[in-house]
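So the structure is just underneath, and the comments pick up after that.
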Amino acid sequence: MTSTAGFPHGVRIAGTGSAVPERVLTNADLASMMDTSDEWIRQRTGIAERRICTPGKESAYTLQRDSLERALEDAGMKGSDLDLIIVASVSSEMTCPSNACRIGAALGAAPAGAFDLVAACSGFVYAMNLADSLIRSGRHKAIGVVGCDAMSTIVDYNERSVSILFGDAAGAAIQVRDDNPDKGCIYQVIQSDGENWPSLFLPRKKEDIPPNSPEIDIELGKLRMEGRDVYRFAVSKFKEVIQDALNSTGLTADDIAQFICHQSNIRIIESAKEKLGLPDEKVYVNIDRYGNSSAGSVGLCFDQIRRAGKLEEGDTVVFVAFGGGLTWASSVWNL
Ligand code: COA
């Protein structure tokens, strides 16, 4: 979908927030749990450490709630000012009720609508794009968007090629209606191709595992990944969606203040930067400290970039994410 033409309203990002668990899990910690090394992990992924929840103290729910509460504080708003909450996550505790409903209750948002959205690592960008469209349609005025995953609850720490990549984090943004229709998302893509879903999936029972899947000794309820297949997909898709966003809006990298990208693997980010000639200072990276937090990563980056004072009103930013499904999403925003 291109352009804001025909919409009477624009969308303003009124506030952002994020939350990460206290516990730091370093590469050295992982090397004491499995046959791996700090050197291998840094070289292959760029990750030095990640945060993981302490059971009983933190969870997907607490990270989601805390990030949205901080975003509301940043916006100078209350839960009751929201008319919708969208939580993007593959690790919410229950499918019924959605975590969005529980968070809405905790923050006094009832009777705001609330639902969880499943689009894996693309989830936050999916939710941001959807919320913008709902506000532009005139049906909603203020939407809280949360992207979060507690990946430590769904990876198998006996599986070294999967578990080393992931961490836990949440990022949230408050979108509100604005009189200026040029403010907000000016271009967006939400896409998927389910053909290759077995390259990244979370089976609940034996029947979910496709018959031709390689024999992997991973518990049910834990993430399975064909790393090389996902790597190939991510490298080509990352570059393609950024190029498409720029071509479709007639913008160049010079016009963009920040490319706010899913943190999957430093080699995937570096490859896109190199192929597109993007300068270091415009592509924020925090994978070294937080790993890949799936739906949490783009929202966490957005909040950290804003709080570091790297963005000003009127700036244009590009969001990009890709992940299980396989899914991908991008958007161009005038802040
Ligand atoms: N430590 C040490 N060795 C490891 C290891 C670890 N943590 N994990 C795997 N290895 C070994 C493998 O057993 C293999 O050994 P072998 O050659 O003796 O068989 C070797 O390292 C190479 O394994 P491979 O899986 O081919 O490594 P890779 O270079 O593809 O790197 C990933 C693995 C997971 C880092 C990489 O494939 C990747 O980043 N993929 C994308 C994942 C992603 O981004 N997922 C989320 C998408 S949103």
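Whatever order the structure lists them in is the order used to number ligands and atoms, beginning at 1. Bear in mind the structure is a predicted one, so any value in this text is a computation, not a measurement.
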Would you check, one step at a time, whether the test side-chain contact (heavy atoms from CB on, under 4.5 Å) holds for I174 with L82? CA-CA 9 Å; I174 308 295; L82 298 176; 4.1 Å; yes
Does the pair R232/D229 count as a salt bridge with the N-to-O cut at 4.0 Å? yes
Do the rings of F238 and F322 sit parallel, tilted or perpendicular, given the 30° and 60° boundaries? tilted
Between R228 and ligand 1, does any nitrogen or oxygen pair lie at a separation below 3.5 Å? yes
Has K275 got more than 12 heavy atoms of other residues, nucleotides or ligands less than 6.0 Å from its NZ? yes
The protein heavy atom nearest to atom 44 (O) of ligand 1 is S264 CB, 3.6 Å
So does E281 pair up with K310, basic N to acidic O under 4.0 Å? no
Does atom 4 (C) of ligand 1 have a protein heavy-atom neighbour under 4.0 Å away? yes
Specify whether the nearest protein heavy atom to atom 27 (O) of ligand 1 is under 4.0 angstrom away. yes
Working to the nearest 0.5 Å, report the span between CG of D288 and CD of Q263. 8.5 Å
Is there a heavy atom of M34 sitting under 4.0 angstrom from any atom of ligand 1? no
Are any of the N or O atoms of G227 closer than 3.5 Å to those of ligand 1? yes
Distance-only side-chain donor-acceptor flag, T45 / N265, under 3.5 Å: no
Within a distance under 4.0 Å of any heavy atom of H262, pick out the atoms of ligand 1 and give their elements. 48 (S)
Would you tell me which option among I287, T36, I266 has the nearest heavy-atom contact to atom 7 (N) of ligand 1? T36
What is the closest protein heavy atom to atom 34 (C) of ligand 1, and at what distance does it sit? S161 O, 3.5 Å
If the test is side chain to side chain donor-acceptor pair (under 3.5 Å), which one of N27, D29, N292, T26 qualifies with R50? N27
Which protein heavy atom lies closest to atom 10 (N) of ligand 1, and at what distance to 0.1 Å? W40 CZ2, 3.4 Å
Side chain of E93, backbone of Y61: donor and acceptor closer than 3.5 Å? yes
Which distance, rounded to the nearest 0.5 Å, do you find between the CG of D38 and the CD1 of I47? 11.5 Å
For atom 35 (C) of ligand 1, grab the closest protein heavy atom and report residue, atom and distance to one decimal in Å. T45 CG2, 3.7 Å
Starting at OG of S294, measure out to NE2 of H262 and round the result to the nearest 0.5 Å. 6.0 Å
Checking a contact table here: which protein heavy atom is nearest atom 11 (C) of ligand 1, and how many Å away? R160 NH2, 3.6 Å
Under the 4.0 Å line, does any protein heavy atom show up next to atom 20 (C) of ligand 1? no
For atom 38 (C) of ligand 1, which of T327, N265, N292 has the closest heavy atom? N265
Can you tell me which residue and heavy atom of the protein come closest to atom 45 (N) of ligand 1, and the distance to 0.1 Å? M225 SD, 3.3 Å
R44-ligand 1 polar pair, N/O distance under 3.5 Å: yes
With heavy atoms and a 4.0 Å threshold, my read on which part of L30 contacts ligand 1 is neither
For the atom pair OH (Y284) and CD (Q304), what is the distance rounded to the nearest 0.5 Å? 3.5 Å
closest protein heavy atom to atom 47 (C) of ligand 1 is V230 CG1, 3.4 Å
the protein heavy atom lying closest to atom 48 (S) of ligand 1 turns out to be C121 SG, 3.2 Å
For Y231, the ligand 1 atoms whose distance to one of its heavy atoms is below 4.0 Å: 38 (C), 39 (O), 40 (N), 41 (C)
Nearest 0.5 Å, please: how far is CZ in R44 from CG in L165? 11.5 Å
Please identify which atoms of ligand 1 are closer than 4.0 Å to at least one heavy atom of F322. 48 (S)
